[in-house]
There are 2 protein chains.
Amino acid sequence: MKDPLLELPGYVLKRASAANLSELNQRLAPLRLRHGDAAFLLLIEASPGTTQSEVGRILEIERANMVPLVARLDARGWIEKRKVDGRSSGLFLTSAGRSVLARTRAIVDEHEAALIRRVPAKLRPYVLPILMALWSRPDPEEPK
Amino acid sequence: MKDPLLELPGYVLKRASAANLSELNQRLAPLRLRHGDAAFLLLIEASPGTTQSEVGRILEIERANMVPLVARLDARGWIEKRKVDGRSSGLFLTSAGRSVLARTRAIVDEHEAALIRRVPAKLRPYVLPILMALWSRPDPEEPK
DNA sequence: TATTGTTATACTCTATAACTATA
DNA sequence: TATAGTTATAGAGTATAACAATA
């Protein structure tokens, strides 16, 4: 039985993404992390002091859904909150957090390298431009 | 604030897929369908008589999760089951099913066209090959 | 008025174990 | 023994509404 949807880029995009996330989650499982946690830790390291609402805006995670994510990593002693005003706190990695991030980054880097290796070398330069384009908001008019 | 993860193809793949599925679900909402329903209907039309377990294998949906999907479309009068043996039934579109599929296909086609239009024309021939490659099982050795 | 963090809630998607009836 | 359909259940991810405290 053949899949008749393989000609649809949107469908293949979904299948590729699902397979990739599943594989990344498996790679991260030894750390009891999931891909969302890894993205969060990488983001905090890149921009220490970012608030959880800001992280949510960047990763497009609803404010309400950031709460359990932050609480979980906080409970594991990996992040630290420092009040910036009465409402919000800047987030920082603890030393334990930096330690787990180092292992996380090694896994993510190996994962990304394995992903790109699946693409024939000649096509690799087009991978990011195409994915960014597919992600972009639609063009109002057909660009030539 | 900039997203430091934009250099990671796997991350951009996930974001592109999520945005695309969200948009497709919005387009399908007037029919009260979701993208999984559309894939299912397109598949049954391409291969009438396929059993729900076979559909699940093709779309990588667990047997158990096919049950409510099939029941829902059956309840709306869009598919018909014909026993092939004591255990399983082949699935077929009813005439109402073919009618809703025609509208579904129009939406999906327009959606896919809008998706590909976001990619610069020069890069479009590489979209499917790259997505298929990203989806593929890893190569055991680096191919030159 | 608007924003942050929060609680509560609900829906979708996914995953597993177990049962039955049939092959 | 293996497979198809099913039930039940649990974990993720996602979405909205509402509230208190603060800006």
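In what follows, chains carry the letters A, B, and so on, assigned in the order in which the sequence lines appear, proteins first and then strands, with residues in each chain numbered from 1.
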- [ ] Would you kindly give the NZ-to-P distance between A:Lys14 and C:dT12, to the nearest whole Å?
- [x] 15 Å
Open item on the list: What I want to find out is whether B:Glu110 reaches B:Arg117 closely enough, with some N-O distance under 4.0 Å, to be called a salt bridge.
Closed with: yes
TODO: May I ask you to say what A:Asn65 touches in the nucleic acid, namely base, sugar-phosphate or nothing, with a heavy-atom cut-off under 4.0 Å?
DONE: base
- [ ] Check the distance between C:dT6's C1' and A:Asp74's CG and give it to me in whole angstrom.
- [x] 15 Å
- [ ] Mind checking the CZ-CD spacing from A:Arg57 to A:Glu54? Nearest 0.5 Å is all I need.
- [x] 6.0 Å
- [ ] Could you tell me the separation between the CG atom of A:Asp37 and the CG atom of A:Leu31, rounded to the nearest 0.5 Å?
- [x] 10.0 Å
Task: A:Asp37 CG to D:dA12 C1', straight-line distance once rounded to whole Å - done: 11 Å
TODO: Could you work out which one of D:dT6, C:dT6, D:dA21 sits closest to the side chain of A:Ala64?
DONE: C:dT6
- [ ] Return no unless some side-chain N or O of A:Arg57 is found under 4.0 Å from OP1 or OP2 of C:dT4.
- [x] yes
Open item on the list: Tell me the interatomic distance from B:Leu59, atom CG, to C:dT12, atom P, rounded to whole angstroms.
Closed with: 18 Å
TODO: With the side chain of B:Arg63 defined as its heavy atoms from C-beta on, choose the nearest nucleotide among D:dA15, D:dG5, C:dG5.
DONE: D:dG5
- [ ] Look at A:Arg32 and D:dG11 and indicate whether a side-chain polar atom (N or O) is within less than 4.0 Å of OP1 or OP2.
- [x] no
Task: Interatomic distance where CG belongs to A:Asn25 and C1' belongs to D:dG13 [whole Å] - done: 11 Å
Task: Name of the residue among A:Leu73, A:Val100, A:Leu41 meeting side chain to side chain contact (heavy atoms under 4.5 Å, CB included) with A:Leu93 - done: A:Leu41
Task: Test side-chain contact (heavy atoms from CB on, under 4.5 Å) applied to B:Tyr11 and A:Leu42, step by step - done: CA-CA 12 Å; B:Tyr11 175 74; A:Leu42 288 166; over 6 Å; no
Open item on the list: From CZ of B:Arg34 over to C1' of C:dA10, roughly how many Å is that when rounded to an integer?
Closed with: 13 Å
Open item on the list: Does D:dA4 have its OP1 or OP2 closer than 4.0 Å to a side-chain nitrogen or oxygen of B:Thr51?
Closed with: no
Open item on the list: Considering every strand and a 4.0 Å limit on heavy-atom distances, what is the contact class for A:Lys83: base, sugar-phosphate, or nothing?
Closed with: nothing
- [ ] Can you tell me the distance, in whole Å, between the CZ atom of B:Arg82 and the P atom of D:dA4?
- [x] 20 Å
Task: Separation of atom CG in B:Leu33 from atom P in C:dC13, rounded to whole Å - done: 11 Å
Task: Given C:dT22, D:dG5, C:dG5, the nucleotide with the shortest approach to the side chain of B:Arg87 - done: C:dT22
- [ ] Map A:Ala18 and A:Ser89 onto DNA chain C by nearest heavy atom, then report which one ends up closer to the 5' terminus.
- [x] A:Ser89
